[in-house]
Structure formats: structure tokens, C-alpha cells
Amino acid sequence: MSLRVLIPVLLAGALAAHAQDAALILHHGKIVTVDAGFRIVSAIALRGDRIVAAGDDAAVMKLAGPKTRRVDLEGKTVLPGLIDSHTHSIAAAMYEFDHPVPDMESVADVLKYIRSRAAVTKEGDWITLSQVFITRLRDQRFPTRAELDQAAPRNPVYFGTGPDASVNSLALKLSGIDRNFKITDGQPGRIEHDANGEPTGILRSCGRLIKSRSGGRRASEADRLARIKELLADYNATGITSVSERDLGDAGIELYRKLKD
């Protein structure tokens, strides 16, 4: 075979060989494979969107080529991507859209936040707070109606944790809930009353009865797209690579469709 013919053949062979090189090799780590034997190996090789090898450093390094990126994990652990099977990501993405919400560890923290919102919220506008679950508070209880009245005397307040809620006197009044109020929509729920028969402000499985509305700035579709992209990046940063949305309406599905496109 002449050199004129041989050189292209050799070049093609070399290119084909390099095409099989790993694009990325992570080594000197603890790779949790979650395979049938639940092996923990020291190295892993990837090409494109596929894992091509997992094993000890010496074996996996044989897949390295001149353009392979090598990352020394220095003993760190690599886990498979986690899937959260129950999220409300569309809603969660908008949680701090209007303003940042600080971490809260006690009822005192909750009341401090409500007082801060009352100081900047127009009289009569609602102050709402959700996703601060009482099981995560040191006090292990709801703020009382009296405490909420004192923190925001001129604003209706809704403190919701899932279907349960604690509200102040103005919120009860605007929602038409007094000592004689009865739940008549056929859905579950219980309004707690004190020794005098007055509502305490604690609503069990019937937060739906409170006619609250947000007084914050309104989000555009562009805002919602930007926020969900930001939240998905936050998920990725903590190892969550897939989520399953719960209770998603048509608008939410359309938002995901536009994001995908």
C-alpha cells in the first residue's frame, strides 16, 4: 500500500481511537455506584451524556486521551443525581419574589418578621407567611391570635402551614368567621374556639376559608420563567437532578413547556 493511501487510513484510525477517549475522568474519590453490588469505586469515566466505566484509578485511566479532562477528587464522594418525587416548584420559585424571607427558628422570629412587614405594608393590606412550619420552630406551636394582633394591628395576617393556619382578628373579620360560623362546603376542617366560644385564630385543615390576597408586586411570565430557572439551578447545586411536580395546573405546565423549548 502506498504512503498516499496509508496515511489517510492511519489518520482515520487514530481519530477513531481518540473518539473513544473519555471526555471526563473523576478519580481518587469515592464513587457511589448504586449498582447491583452497591460498589464504591475510586474512579469514573464519562463520554457525552454516558458513563463508560467505573472502577479503580488504574483501569479507568486507560480510557484517558490527550483531550480528556481529569479531576482529582482528593477523596471526595460522588453520588448519583437525586430525584425529589414531591415538589411544588412553580410556587416555591415565587416564594421570595416580592421580598426576601429570613430564616425563622421561633415564634419570636415569626412575630419580628410580621412586625417588619407591617411597618412597610399599606394599612388594610394582607401580610401572609407560609412555609414556616411549626414543627421546625423551637416553640412547636402557632403564634396566637393575640400575638398576631399585637404584631400587626392594622393589617390582616395569615400564617399558613399547609392546610392549617393561624390568623389575627382582622383576618377573621374580613373572612366572615365569628363564633357562629359553620363550615358548610362539605370539606374537612375545624375552627378552634376558646373557653368563651370565640375563634382562637387557629384553623385546622381549613385555611381555604381565609380570603387572603397578596398585596405584593405582580409577577410577569418572564419573571416566572426566570425564577423557575433559578430554582432548578439551586436544585442542581445540591444534587437534585430531577423533580416531580405535584398539583400543577395548565399555566404551570405551559411554563415548563416554554422553559423546555
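Quick caveat: nothing in here was measured; it's all calculated off a predicted structure.
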Donor-acceptor pair, [X] side chain versus [Y] backbone, under 3.5 Å?
{"X": "Arg208", "Y": "Pro163", "value": "no"}
{"X": "Ser175", "Y": "Lys211", "value": "yes"}
{"X": "Asp149", "Y": "Pro153", "value": "no"}
{"X": "Glu147", "Y": "Thr144", "value": "yes"}
{"X": "Gln131", "Y": "Thr161", "value": "no"}
{"X": "Tyr235", "Y": "Asp84", "value": "no"}
{"X": "Asp57", "Y": "His27", "value": "no"}
{"X": "Glu105", "Y": "Leu137", "value": "no"}
{"X": "Arg224", "Y": "Ile90", "value": "no"}
{"X": "Asn236", "Y": "Ile240", "value": "yes"}

* To do: First locate atom OG of Ser42, then atom CE of Met61, and finally report the distance between them rounded to the nearest 0.5 Å.
  => 9.0 Å
Under 3.5 Å donor-acceptor pairs involving side-chain atoms of residues 29-36, not counting sequence neighbours:
| unit_1 | atom_1 | unit_2 | atom_2 | d |
| --- | --- | --- | --- | --- |
| Lys30 | NZ | Gly75 | O | 3.2 |
| Thr33 | OG1 | Asp35 | N | 3.2 |
| Thr33 | OG1 | Asp35 | OD1 | 3.2 |
| Thr33 | OG1 | Asp35 | OD2 | 3.4 |
| Thr33 | OG1 | Arg39 | N | 3.3 |
| Thr33 | OG1 | Arg39 | O | 2.8 |
| Asp35 | OD1 | Gly37 | N | 3.0 |
| Asp35 | OD1 | Phe38 | N | 2.7 |
| Asp35 | OD1 | Arg39 | N | 3.0 |
| Asp35 | OD2 | Arg39 | NE | 2.7 |
| Asp35 | OD2 | Arg39 | NH2 | 3.4 |

Minimum heavy-atom distance between [X] and [Y], given as atom pair plus value:
{"X": "Ile210", "Y": "Ala171", "result": "CD1-O, 4.5 Å"}
{"X": "Asn155", "Y": "Gly124", "result": "ND2-N, 3.6 Å"}
{"X": "Phe181", "Y": "Gly176", "result": "CD1-O, 3.3 Å"}
{"X": "Ser89", "Y": "Ile228", "result": "O-CD1, 3.6 Å"}

* Looking at Phe97, does the NZ or CZ of Arg217 lie under 6.0 angstrom from its six-membered ring centre and within 45 degrees of the ring axis? -> yes
* Asked: What side-chain hydrogen bond (donor to acceptor under 3.5 Å, both in side chains) pairs are there with at least one residue in residues 61-82, not counting sequence neighbours?
  -> His28-Asp72
* Asked: Hey, are Glu96 and Arg227 close enough for a salt bridge, meaning a charged N less than 4.0 Å from a carboxylate O?
  -> no
* Show which residues join Val52 in its hydrophobic cluster (side-chain heavy-atom contacts under 4.5 Å, direct or indirect), or state none. => Leu63
